Amino acid sequence: MNTTLITGIGSLVTNDPGQGAGPLGLVTDAAVVVDGGTVAWVGRAADAPAADERVDAGGRALLPGFVDSHAHLVFAGDRTAEFNARMSGQSYTAGGIRTTVAATRAASDAELDANLARFVREAVRQGTTTIECKSGYGLTVEDEARSLRIAAEHTPETTYLGAHVVAPEYAEDPAGYVDLVTGEMLDACAPHARWVDVFCEKGAFDGDQARAILTAGIERGLTPRVHANQLTYGPGVRLAVELGAASADHCTHLTDEDVAALAGSATVATLLPGAEFSTRAEYPSGRRLLDAGAVVALSTDCNPGSSFTSSMAFCIAVAVREMGMTPDEALWAATAGGARALRRTDVGTVTVGARADLLLLDAPSHVHLAYRPGVPLTAAVWRAGVREV
Ligand SMILES: [Zn+2]
């Protein structure tokens with residue numbers, strides 16, 4: 001097997017407190033050896049063993065690749081006009097998610113696959129090496145199943161989100177739609193999904209419906225994650241904790257009881273600042289969750305309606321500027337936090353045995369991700385040891 005020594009790393013983020021300073025396990029003047037697809041050695045450059053190939057980082061920062069644990073990337077169509085209207089202060093009533101559902105249903109498999117491949121590539125170029133992908137723009141048995149079939153070609157982290165909103169055909173019969181989502185649609189989707197998700201929110205699915213949907217998914221071997229407490233206070237977070245969900249996502253409107261429930265559980269609080277940015281809404285408080293002891297992840301929520309960014313660096317910058325998180329906390333949340341939200345132990349760290357998913361920044365420190373917002377800082381990206389950028 002071919003080994004590569006990456007040396008001359010000015011600042012290495014390992015996310016292993018046993019390896020270096022702080023929760024990020026920072027090592028200065030560091031080196032990493034990659035053997036095939038995994039990290040084989042981590043330490044000071046002066047102590048590094050020989051390898052077949054050598055890459056000089058030139059004093060720059062090396063980090064674990066970003067773990068984006070929440071994205072909606074199987075879709076077709078365009079919603080530029082809707083965003084433009086919203087940002088121009090016009091009320092916009094038509095369209096919304098239905099526009100994307102109609103375009104997605106009308107698209108061919110090849111079109112959906114090409115769109116998804118383009119977004120995954122776009123994310124990799126910005127340092128994302130693991131990305132979750134949800135269905136939820138098909139809302140028929142066949143369109144949800146093919147969305148997940150296509151997603152599974154690009155990532156193992158596939159999430160069944162038939163319960164994104166009630167399908168237009170069932171507008172007058174939401175209970176009938178829940179029966180479909182927990183029955184025939186689940187049967188068709190479960191073989192292609194790892195996770196089950198539901199949008200628990202006023203106007204989408206209430207607590208009882210969400211419970212029925214998640215429980216049906218659990219019975220089919222899927223693990224729950226929940227769109228919770230985004231637009232209003234509600235039962236989503238506490239339901240996520242009660243059902244042992246891997247993650248409660250959004251967490252924008254939280255009572256003290258919600259925060260305490262998250263802090264006392266293994267459910268990760270995943271914050272998605274791109275959504276608040278793109279809808280001019282109040283940001284969730286990362287500080288409040290961290291101070292309470294909750295595990296926090298950051299993710300893009302990349303989707304055409306409410307957060308059309310694939311940039312984890314952007315989310316880090318917003319979390320630092322607007323959500324009370326330190327640059328170290330935001331970076332941890334975008335790497336190790338995302339890994340926790342996907343219950344992965346092989347990504348989100350630079351430790352011996354981890355997948356060699358690495359981001360070399362064109363900067364001396366990870367702090368530059370927030371310090372230099374909007375600046376492209378990717379110098380190189382390796383996924384499972386393969387250099388992709
Ligand atoms: Zn979402």
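In listed order, ligands and their atoms are each counted from 1. These numbers come from a predicted model, not from an experiment.
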Report task. Please determine, by modelled atom types, if His154 and Asp113 share a side-chain donor-acceptor pair under 3.5 angstrom. Result ->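 Judged by distance alone, the side chains do pair up.
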
Query - Summary of side-chain hydrogen bond (donor to acceptor under 3.5 Å, both in side chains) pairs that have at least one residue in residues 167-185, sequence neighbours excluded - result: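 Every pair satisfying side-chain hydrogen bond (donor to acceptor under 3.5 Å, both in side chains) with a residue in residues 167-185: Arg105-Glu169.
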
Requested in this report: Kindly state each residue pair satisfying side-chain hydrogen bond (donor to acceptor under 3.5 Å, both in side chains) with at least one member in residues 378-389, sequence neighbours excluded.
Outcome: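 Qualifying pairs: Arg383-Glu388.
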
Query raised in the report: Around atom CZ of Arg343, are there more than 12 heavy atoms of other residues, nucleotides or ligands at under 6.0 Å?
Result: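 Yes - once you tally the heavy atoms of other residues, nucleotides and ligands closer than 6.0 Å, there are more than 12.
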
Query raised in the report: For Arg355, does the CZ atom have more than 12 heavy-atom neighbours from other residues, nucleotides or ligands under 6.0 Å away?
Result: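 Buried by this count: over 12 neighbours within 6.0 Å.
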
Query raised in the report: Close to the Zn ion (ligand 1), meaning under 2.8 Å, how many protein N, O or S atoms are there?
Result: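 That number is 4, waters not included.
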
Requested in this report: Tell me, please, which residues at least two apart from Ala281 pass side-chain contact (heavy atoms from CB on, under 4.5 Å).
Outcome: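 Residues passing side-chain contact (heavy atoms from CB on, under 4.5 Å) with Ala281: Glu276, Thr279.
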
